[in-house]
Peer 1: 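Take this structure, written in structure tokens, and hold onto it; I'll ask about it next.
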Amino acid sequence: QVQLVESGGGWVQAGGSLRLSCVASGRTSLRYAMGWFRQAPGKEREFVAGIKWRNANTNYADPVKGRFTISRDRDKMTVFLQMNNMKPEDTAVYFCATTSNNNIYAPRESADYDSWGQGTQVTVSS
């Protein structure tokens with residue numbers, strides 16, 4: 001069992017920045033990657049960014065490329081999502097998740113993840 005706890009959400013004006021954190025605990029030894037997803041009201045959950053624990057390979061959804069950066073601190077079992085130049089369409093609940101999928105990059109499908117955090121609200125005003 002893996003527990004994930006997100007923090008860092010909040011309100012920001014368009015063009016501003018936020019940094020999300022996700023701390024993993026429990027049986028993390030077979031967790032190969034972490035992903036950030038988001039879900040806006042009335043929309044499906046979508047992939048935002050992913051990172052491999054071991055080699056820090058990263059991948060991003062097209063809407064956030066160049067604006068968001070995912071990183072990890074292996075010693076603290078923490079993954080970060082730095083969000084810059086934020087837009088109103090970034091407004092959503094953001095979730096971190098972990099997977100035992102060991103491909104080169106973190107998977108983009110939510111079904112490939114088996115442990116999820118509770119989510120943190122991010123609101124970007126125009």
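In this text the structure is predicted, and so the values were computed from the model without any measurement.
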Peer 1: For side chain to side chain contact (heavy atoms under 4.5 Å, CB included), just list the numbers for Met86 and Ser17, CA-CA rounded to whole Å, side-chain angles, deciding distance to a tenth of an Å, and then say yes or no.
Peer 2: CA-CA 6 Å; Met86 297 186 71; Ser17 299; 5.6 Å; no

Peer 1: Hey, does the side chain of Asn85 reach the backbone of Gly15 with a donor-acceptor pair shorter than 3.5 angstrom?
Peer 2: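 Not at all, since once roles are kept as given, no pair shorter than 3.5 Å links the two residues.
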
Peer 1: Between Thr78 and Asp73, do the side chains contain a donor N or O and an acceptor N or O under 3.5 Å apart?
Peer 2: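 Result is no, nothing qualifies.
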
Peer 1: Determine yes or no for a side-chain-to-main-chain donor-acceptor pair under 3.5 angstrom, with Thr98 supplying the side chain and Ala33 the backbone.
Peer 2: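 Yes: the side chain of Thr98 pairs with the backbone of Ala33.
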
Peer 1: Under the side chain to side chain contact (heavy atoms under 4.5 Å, CB included) criterion, do Ser21 and Glu6 qualify, and how do the steps go?
Peer 2: CA-CA 5 Å; Ser21 300; Glu6 303 103 333; over 6 Å; no

Peer 1: Would you name the heavy atoms of Leu18 and Gly8 that are closest together and state the gap between them?
Peer 2: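 Closest approach of Leu18 to Gly8, heavy atoms only: CD2-O, 4.0 Å.
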
Peer 1: Would you say Val12 ends up clustered with Met83 if hydrophobic residues are merged whenever their side chains have heavy atoms under 4.5 Å apart, either directly or through other cluster members?
Peer 2: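 Same cluster.
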
Peer 1: Is it the case that Asn102 and Lys52 place a side-chain donor and acceptor less than 3.5 Å from each other?
Peer 2: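 There is such a pair between these side chains.
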
Peer 1: If you take all heavy atoms of Tyr60 and Thr69, which pair is closest and at what distance?
Peer 2: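 Minimum heavy-atom contact is OH-CA, 3.4 Å.
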
Peer 1: Phe68 vs Val48, test: side chain to side chain contact (heavy atoms under 4.5 Å, CB included). Steps then yes/no.
Peer 2: CA-CA 9 Å; Phe68 291 11; Val48 176; 3.7 Å; yes

Peer 1: Taking Thr99 for its side chain and Tyr113 for its backbone only, find out whether a donor-acceptor pair lies under 3.5 Å.
Peer 2: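 Flag not set: sc Thr99 to bb Tyr113 has no pair under 3.5 Å.
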
Peer 1: Inspect the contact between Asp90 and Lys87 and indicate whether a charged nitrogen and a carboxylate oxygen are less than 4.0 angstrom apart.
Peer 2: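 No.
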
Peer 1: Should the heavy atoms of other residues, nucleotides or ligands under 6.0 Å from CD of Glu109 be counted, would the total exceed 12?
Peer 2: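 For Glu109, atom CD is not crowded (no more than 12 foreign heavy atoms under 6.0 Å).
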
Peer 1: Verify side chain to side chain contact (heavy atoms under 4.5 Å, CB included) between Cys22 and Phe80, making sure each step is shown before the conclusion.
Peer 2: CA-CA 6 Å; Cys22 174; Phe80 305 97; over 6 Å; no

Peer 1: For a quick test of reading the model, state the closest non-hydrogen atom pair linking Leu20 to Tyr94 and the distance between them.
Peer 2: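 Nearest heavy atoms, Leu20 then Tyr94: CD1-CB, 3.6 Å.
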
Peer 1: Does Gln82 offer a backbone N or O that forms a donor-acceptor pair with the side chain of Arg67 under 3.5 Å?
Peer 2: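 Looks like no, no N/O pair under 3.5 Å.
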
Peer 1: Does Asn103 reach the main-chain N or O of Tyr105 with its side chain, forming a donor-acceptor pair under 3.5 Å?
Peer 2: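 Absent.
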
Peer 1: Could you tell me whether Arg45 sits above the aromatic face of Phe95, with NZ or CZ closer than 6.0 angstrom to the six-membered ring centre and within 45 degrees of the axis?
Peer 2: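 That pair qualifies as a cation-pi contact.
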
